[in-house]
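Here is the structure we will look at, set down as structure tokens.
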Amino acid sequence: MSDTAGEDVLEAQIEQWRGFVRRRRAIAPPDLEEMEDHLREQIADLGSNGLDDEEAFLVAVKRMGNLDEVSREFAREHAHRLWKQLVLVPEADDGAGGLTRWRDLGAVLAFALGAGLAVKLLLTSVDDEFAQFRNLAFVVLPFLAGWFAWKRRVPWRVCAAAVAIAAVPALAVNLYPFETTSGPDPAPGMTAVLAFTHAPVLLWLLVGVLHTGGHWRSHERRMDFVRFMGELAMYLALIILGSAVLVGLTFGVLSLVELDLEPVLEDWLLPFGLPGALMVAAWLVEAKKSVVENIAPVLTRVFTPLAFLMLVADLVALLVNGPLTTVDRELLILMDGVLVLVLFLLLYSISARDPLAPPNVFDWLQLALVGAALAVDAVALTAMLTRIAEFGFTANKTAALGLNLVLLVHLVWSAWLLAGFVRGRRPFAAVERWQTAYLPVYAVWAGLVVVVFPPVFGFA
């Protein structure tokens, strides 16, 4: 092996080790840098004694000790720092770290204000409610992407490529001559609905490219984005629920003195509050990931057995609902939603797992969950193909069929890799890498539905 190839392999191994260490409680970025410097010194010393890069790396990592013990030691030694970093507003004696947090907080508030102004401008300048709805993601997500680009110092070429790709669905949903349904209350046709529901998926995965700092080929960076999505959903739900309680109480109190805040809610609180909540939730995830253990491990252990029972019940419902040709279309669409939810649960559980831990009971439960999802997907696919054979292709049926096929490939190979892992025949890293390697497939599929489906099906 050449020196360059050996260095590339070594850097890939160190990157994998760095990603694993980043998950540990109380090991902040400066701690990680110090540990990595120590690891590289160990590798250099071992290399000077005749070991090759791979042998030196393995010996050096072993000498670093058990990372769980290292994590607990850091927590004991730096408990005061851990709790101080949980405070949103830095203290006066925090020095450079406090200035950095003030800068980050100021930046995210500026981006949140920009997103609110963009939403307000959209609502005031566009009268068509459907046009407002289909463009909402295009005026909010660019600010989240911009904040990641600023925070990660993403190269301008990557930013320009992301903007160019995002412009394609934006133009498609706004310039395509979509048809509307006939009747007293015209509504958008199916291709229009498919386009504006799939466009945010493509935009969100482009946000993920900027979240990785432009290193979108990196397995570890993609998995970080998966973790970010799970944590963001939790923080955002808590912020929205808490805000709803506060707003409800305020409305109740002011209604007693005959003050109507509904115009204020519609004109200002919602346009600025919802994108602001998204930005603040994203900032909280980023700010706390180094000092607080992710909530994903707890949630996945609670919801995985519940999701398995739900899938079994759904499978029974599909099988006893009569001939597959009579299965309700709304039921099949709902099944797609259930499968997507199960897939998210699988992703978050995999992202939260210690890749070096041996197989356990929870891994077998994950395999059972994937098996149940495969059974539901197979029955749903059979029903869809039966309906298509009888009634022909439509945009909606084709989109549902395509999504089920994409999910089927993802779940089949996940089940194969998980089965190999629980039987001790392959490492857990193979399961992880498959999840992140498959993410671009969803972006490609969403792009096809947005750009290709409308003209193929006559914009109906």
*Side chains of Phe272 and Leu117: closer than 4.5 Å at any heavy-atom pair?*
yes
*Identify the heavy atoms of Thr394 and Thr398 that sit nearest to each other, and give their distance.*
O-OG1, 2.7 Å
*asked:* For the CD atom of Gln366 and the CD1 atom of Ile350, what is their distance to the nearest 0.5 Å?
replied: 6.5 Å
_Note, Val126 side chain near Leu121 side chain (heavy atom, < 4.5 Å)_ = no
*Counting only heavy atoms not in Phe251, do more than 12 sit closer than 6.0 Å to its CZ atom?*
yes
*Taking atom OG1 of Thr304 and atom CZ of Phe362, what is their separation to the nearest 0.5 Å?*
3.5 Å
*Using the six-membered ring wherever Trp is involved, compare the ring planes of Trp204 and Phe225 and label them parallel, tilted or perpendicular (cut-offs 30° and 60°).*
tilted
*How long is the gap from CG on Leu345 to CE on Met310, to the nearest 0.5 Å?*
8.5 Å
_Asn360 backbone acceptor or donor facing Asp363 side chain under 3.5 Å_ = yes
*Met190 CE to Glu179 CD distance, which is reported to the nearest 0.5 Å*: 13.0 Å
*Interatomic spacing from CG in Asp336 to CG in Leu407 - rounded to 0.5 Å*: 7.0 Å
*Who pairs with Lys120 by salt bridge (charged side-chain N to carboxylate O under 4.0 Å, His left out), at least two apart in sequence or on another chain?*
none
*Sequence neighbours left out, what pairs pass side-chain hydrogen bond (donor to acceptor under 3.5 Å, both in side chains) with at least one residue falling in residues 238-248?*
none
*Do other residues, nucleotides or ligands put more than 12 heavy atoms under 6.0 Å from Phe303 CZ?*
no
*Kindly give the heavy-atom pair with the smallest separation between Ala166 and Phe138, and that separation in Å.*
O-CE2, 4.0 Å
*Distance, nearest 0.5 Å, that separates CH2 of Trp283 from CG of Leu144*: 15.0 Å
_Counting C-beta onward and ignoring hydrogens, is there a side-chain heavy-atom pair between Pro427 and Glu432 closer than 4.5 Å?_
no
*Can Leu284 and Leu232 be said to form a side-chain contact (heavy atoms from CB on, under 4.5 Å), step by step?*
CA-CA 8 Å; Leu284 286 172; Leu232 178 69; over 6 Å; no
*Sidechain N-carboxylate O distance under 4.0 Å for Glu286, Arg152*: yes
*Test side-chain contact (heavy atoms from CB on, under 4.5 Å) on Leu141 and Leu206 and set out the steps.*
CA-CA 10 Å; Leu141 291 183; Leu206 286 175; over 6 Å; no
*Provide the full list of side-chain hydrogen bond (donor to acceptor under 3.5 Å, both in side chains) pairs with a residue in residues 438-448, sequence neighbours left out, each pair given once.*
His410-Tyr442
*Under 4.5 Å between any side-chain heavy atoms of Val338 and Val376, yes or no?*
no
*Under 4.5 Å between any side-chain heavy atoms of Trp150 and Asp104, yes or no?*
yes
*Go through the steps to decide whether Met223 and Leu347 satisfy the test side-chain contact (heavy atoms from CB on, under 4.5 Å), and finish with yes or no.*
CA-CA 9 Å; Met223 188 56 74; Leu347 281 172; 5.9 Å; no
*Would you mind checking if Arg221 and Asp224 are paired as a salt bridge, meaning a charged N to carboxylate O distance below 4.0 Å?*
no
*Going by heavy atoms in the side chains, are Gln435 and Leu439 under 4.5 Å from each other?*
no
*How close do Phe178 and Ala195 get, heavy atom to heavy atom, and via which atoms?*
CZ-CB, 3.9 Å
*Considering only heavy atoms from C-beta outward, does the side chain of Leu339 approach that of Asn404 to under 4.5 Å?*
yes
*Would you say the side chain of Arg426 lies within less than 4.5 Å of the side chain of Trp416, judging by non-hydrogen atoms?*
yes
